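These notes are about the structure you will find just below.
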Amino acid sequence: MKITRAAKALKTGAEIKAFLAAVPAVRHKGVRNAKGAAKLGRRFDSRECQDIATGIETVLEIIEPIQASMCARGTDKGLNAFLANWKPHVSKSVPRGFEEPHKMLSKTVGLGFSRLLLQHAPAISDTDAGAVIDVISRPRFLLREKANILSIIASKASLHSRAGAFAQSMVDEIRKDDQTDQRGDDYADLAEALLEMSVPEARVYYRNGLAELDKLGGGDYELIYAILHYSAAQPGGCIRPELSHRLMNLSQTIITHDSHKFGWNLFGIACSKSVGTTAATRLMRWNDEEVASFSLGLPQLASYLCAQKLLSPLRAAVLLTICEDHAWHEWSVGDGLASILPQARDVREQKAICDTVFKKLTAEHSNGGYSTVWEGILKVAERFPGAISDADVSATKQLLDEAERKRHEFNSRSSSDPRSPASIESKKEEQDPAAFVKALVSKCDPASATSIDDALNEIEDAASLPYYVRRDFFNEIRAACPYGKRLDHLLALAEADNVSFDHAIDHIQQCVSEWSASSAHIPAEMKNVISHLFISKGSELFEIRYGNVNREVKQLSDLCGDEVFVLKLVLNTIATERVELDGERWMQLAQALSRQASHKASRDALENFLSGPAAGLSDQIGEGAYNPDFNVPDQRELLVGIIWHLLGGDDAYIKWSTARALQVFVPLGLVDDLDALLAQFDRREVPALKTENYKLSFQNSQQWLLMGLARAALIHGVKLAPLKPRLLWLAARDDVHVLNKRHILRCLRHIGCKESEIAKLVQEVEVDPKGINIVKGGFPKHVPPRSGFSFDYEFNKTEISRLARVFHISDGECVDAIAREIQRLWPDATDMSAFPGHDRYRKDRTDRYEYFRDHVQKSYG
Amino acid sequence: MTSLPKLILGTKYSNETAPQQAIAQRLQNAQLSSQYAAEALPGFLVAIKDGARAYALADSAQFPTSIQSDFGRRRLTLARLNAAFKLAVKDDDLDRALGVTMRLAQVVAANSRGDEFIRRSPALAATLGDRDAYRRLFSDRSGWRGARDARLTVAHAFSNELDEAEIHCCRAIEWINWNARQERDERELPSERSGPSHSDFASILFLRIIQTDFQPVDRNLHGWGRGLAIPVAREAIKLARQYECATGASVLSELAAFAVSTKSKSFVLKATLLSSKTALTSKERKLLARSAAAATLKPEKLVLKRDDAGKTLYLRLSRHSCMTARPQQKRFSLLTSRSDRQPMTTVNVMVHRGCGCRFSKLVWVRGQENAPSRFMTYFLKV
């Protein structure tokens, strides 16, 4: 926009808005201003006009002192007054969502003017510098911006002490970053800034930056995945808990960025082999810390823990049923069942597990589901006869057909017509590929590496040949190879320069699979062929793009049937050819070695790695270092802890689905676990699942447990009889809320009770102790609250007044009554500030999420 | 380092265990005081196949007192672990090989990050790093072909070895010009392209600044497009300021004096000197500001082209806009006639260096002083 004379004459914000509102939109090319054509709209909408006007006013307000001092041409450049104006515009925290444009503008403009003033003002006092540092130290500013200001302050001799102190405060911030590379960069920025002040001081920070680099951090994705692969492969068993905690902390650096893309299957295998059941508690804590939903990783973990005999198959099945099916690309519930079922005691137990899981899947995927889910189930039915009933198998087949039909229909919408001119099939080949390959094979000697190289060069040089000519050439030459030259052909493939290491393995593999039926000497000579391959191009093994040493070692081991032999060839290649490997490749090699090394050595190697300086940073990631409370050795305690925690969660859907899943304990024969769940009725938190910013809404756990039990009792009736004594004991307690007692009564009635046993409970639940009193008209007398409690706005407005009306009391008395109940449960609380969280906007009764503070307010029931 | 022990062994002591052990012991004893002994020992142990000593050495935390930094210690640890690995392989001791492999993974990963850190600023590595950091810069051959020479130009300049710096500077210039003359493959992905970065150009200008040879600096900055000239000038002046801080010399005052003189034509040089963090006095700044205000930017120029249908098109482009350090896409105004004030449309244009194109050679031929045969040619492709 041009700043015209009219624009310069604007004085107030309202005038700017009016001026902007009148600016017409830019005419698009080709649109003529013909008669009848639509009139051009406005260039800025009202919101944009408002934002621009506010932005201009903000900037003018911030720089007003500078303008005044420039006009006065004095020595004082107005830094003090500028900072006083700027400070209120800089937020004290990093905005989490949308930030007003004028706030962003004030930050950028203020920073720029601070730099200018610091750089060019004739004298900067220590107080001024302190004030600038005070503003710039806020988390709203990046470390790089802070370093920039630091370098200007450091260049003034009178401010060196101030600069030194500021640099030290920046170090604390740098250490909070879990990205090692970023830490190094920040240290370098700091050192660069301090170079203005003192070389020795800068040197200390520079060397600290170098020292930070030997630690694994958030940027080392490949290496962290390689460690997980190693942990999944090593046969030595679980490592020390504090080290396994470090392993999970390292994984968190990847999970934090996109939990849905993380390799949960790998994580599950790695944890089942090297961590143990503690990993399940970590998944739950990640859920509460909003790092990743527990159901992304818990099903895989539960199945692999079961396969490792660290978790009973029945409990693993329970965990499968409480998790949402995320349709993972590398794992399906069928795979989970395939891991769990071999551990079941008999077919009856297998059937119970499959029934439970199948019912859960059909309920969850009532609209069809993915084909992979049903394919997985059918594979299980095939592998474990009798585990899934015939009716379920035929239902699964129908569901699979339906899912396939939907998938094809969806895919056909985006696929192009093969007859279209753009498709590959319609292009004409300039040469006949078949004839070309035939001619090439006829003149190529399959036993000569040079001849194969020449033929491949010819394919490379020939223009307009389809991509599959190379593949056809190898197929043809294999078919044409005379019987007597078969071994020589394999040796030639191993030697040929134009055949890369991985392709050579593939071609040799194909030859062996085709010829082994007719040539006994070929498999017998495989070790020689492989040795020849390593002599010719051993170091290429480590240059394969996207390659993994393990995969090639495995392929070669399958060919010759001796992994130690292949491994020694690989090791000798590294040792003699001085191959330079990166960290990830070394780790892959370690993974291959762990299969042949002793179990103890494999475990020790991982423990040494995780206890070394490389993993030191992991104790600062996420929740920090290991706490012994995280470990729950008893399986039952672990399961009931998880269920109890989920029943008191924030999300109503999870509470509902967990409570519904309680009924599966009965067909799985886990009634004792239900009893254990009921036994912890007064538990306020599960130490293993406790996190810093999350508190368990235990009253919800109590209520949802009893609701779930009531449903289970309705379905299974007398099978829940072992719970009866504990339910009666709860019913007899005075401190159990009447709402909970109502659910207990439902449970007892469904289980089956004599009337005399529950007479008192019925009286308590169904008969109002004070009767019903109908009050006609009028409002209760206003009584101010005395408890000192004041509740959130929405709660006050709706819940308190509704409750007060029911009992015909004033709002103040109602507040006091709720406060008494809160103080009974939390005797230390004097007002609502004793509880974490803050006032929620637009919270109503039907809201899906209910946080700890909301749950405290609802203590009245 | 390992050639000497091998020679001794090969000629005289190859089969005598006692002298071998005696040498190994002496090297081991001398480790704390002699860096040579510490570096020679791992290779020597491999040569005499002394696994026990090599394994113990791999676990050792003893380093020469002359190696102060973690980075230097890590390099030595790497040599020790490599020796232990070779001997474990030779002894067929898979358990030990596994342990060493895991440690190698850790040390190698840390080392590569250390290299990246040092490479990030050769000036800081030379000033603030230790001898190891400096040595690492020499052995670092990563990046495009001229990157090493550009890095060493800066490192030598900061170590006050100006002759060496000049040698590497000339090589860097050769590489930059060589790179500009290379044919480019149209199908090459941007991520696969390699060539000089802003810091490589800046290292050359920086050396000229500290040599008080300001003419080439001014001429190049004046000739380049603003997209290239501004970041390069900023980087070169930053290096010059770091040089002042590190050595106590004063170079930017002289540069400022040159920039305000009539010899200087580059607006970018004046403006960057003004905006950068320097120790210039307010008087010098005022002079710079006046000089910059008086400097004018080159006018845009019209280039006549014909499209495929034979219709005449005019491309309006400033000489600056087609100069880039890397190939990149830009928007140009396409005019219907020479007198048009309003552009008819804008077109996206890929500005390349040294690639074939549908339009003929466009605007820019720049010669290096006294070397007219070496020039960079810029092409425009629509």
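Just so you know, these numbers come straight off a predicted model, no measurement behind them.
- Heavy-atom pairs under 4.5 Å with chain B were tallied for A:P200, A:A188, A:G184, A:A592; the largest tally goes to A:A188.
- Interface remark: A:Y205 contributes no atoms to any contact with chain B (heavy atom separation under 4.5 Å).
- Looking at A:S198, there are no atoms closer than 4.5 Å to chain B (heavy atoms on both sides), in backbone or side chain.
- Put simply, of A:E192, A:M587, A:K568, the one with the most heavy-atom pairs under 4.5 Å next to chain B is A:E192.
- Using a 4.5 Å cut-off between heavy atoms, B:T281 makes no contact with chain A at all.
- One distance of note links CG of B:N82 with CD of A:E580; it measures 8.5 Å at 0.5 Å rounding.
- Counting heavy atoms from C-beta on, the side chains of B:R113 and A:D220 come closer than 4.5 Å.
- Contacts of B:N111 with chain A are absent, with no heavy-atom separation under 4.5 Å from either backbone or side chain.
- Contact count versus chain B (heavy atoms, under 4.5 Å) is highest, among A:R115, A:Q596, A:H120, for A:H120.
- Looking at B:R241, the atoms closer than 4.5 Å to chain A (heavy atoms on both sides) all sit in the side chain, from C-beta outward.
- Both the backbone and the side chain of A:S151 come within contact range of chain B, with heavy atoms under 4.5 Å apart.
- Contact residues of residues 120-127 of chain B toward chain A are B:R120, B:S121, B:L124, B:A125, B:T127 (heavy-atom distance under 4.5 Å).
- Residues B:F85 and A:L589 meet the side-chain proximity criterion, which asks for heavy atoms closer than 4.5 Å.
- Taking every heavy atom of both residues into account, B:S276 and A:Q119 meet most closely at O-NE2, 2.9 Å.
- Heavy-atom distances place both the backbone and the side chain of B:I118 under 4.5 Å from chain A.
- At a threshold of 4.5 Å between non-hydrogen side-chain atoms, the residues B:R103 and A:F609 do not count as touching.
- With rounding to the nearest 0.5 angstrom, the CG atom of B:L104 is 12.0 Å from the CG atom of A:D582.
- Contact of A:L581 with chain B is made through the backbone alone, with heavy-atom distances under 4.5 Å.
- When side chains are defined from C-beta on, A:Y230 counts as touching B:L98, because their heavy atoms get closer than 4.5 Å.
- Under a cut-off of 6.0 angstrom, the local environment of CD in A:E577 is crowded, with over 12 non-hydrogen atoms contributed by other residues, nucleotides or ligands.
- Side-chain contact annotation: B:K277 with A:S155, donor-acceptor N/O pair under 3.5 Å absent.
- Here the straight-line distance linking atom CG of B:D93 with atom CG of A:L571 works out to 11.0 Å at 0.5 Å rounding.
- Comparing B:G99, B:G129, B:A109 by heavy-atom pairs within less than 4.5 Å of chain A, the highest count is held by B:G129.
- Taking CG of A:L610 as the reference point, atom CD of B:Q106 lies at 9.5 Å (rounded to 0.5 Å).
- Using a distance-only test at 3.5 Å, with no hydrogens or angles considered, no donor-acceptor pair links the side chain of A:E584 to the main chain of B:A105.
- Counting non-hydrogen atoms of other residues, nucleotides and ligands closer than 6.0 Å to CZ of A:R144 gives a total of 12 or fewer.
- Here the side chain of B:D95 pairs a donor or acceptor atom with the backbone of A:S598 at under 3.5 angstrom.
- In this structure, the portion of B:L274 lying under 4.5 Å from any heavy atom of chain A is its backbone and not its side chain.
- Within the 4.5 Å cutoff, the side chain of B:L128 has no heavy atoms near those of the A:R207 side chain.
- With a threshold of 4.5 angstrom between heavy atoms, B:R73 does not approach chain A through any atom at all.
- Of the listed residues (A:D189, A:L223, A:D604), the one with the most heavy-atom contacts under 4.5 Å to chain B is A:D189.
- Ranked by heavy-atom pairs under 4.5 Å with chain A, the list B:R96, B:R285, B:K90, B:E244 is led by B:R285.
- To the nearest 0.5 Å, atoms CE (B:M102) and CD1 (A:I227) are separated by 7.0 Å.
- Contact count versus chain A (heavy atoms, under 4.5 Å) is highest, among B:A97, B:C245, B:A279, B:S275, for B:C245.
- Aromatic rings from B:F117 and A:Y187 are positioned such that their centres are separated by 6.0 Å or more.
- Contacts of B:K238 with chain A are made by side-chain atoms alone, with heavy-atom separations under 4.5 Å and no backbone atom involved.
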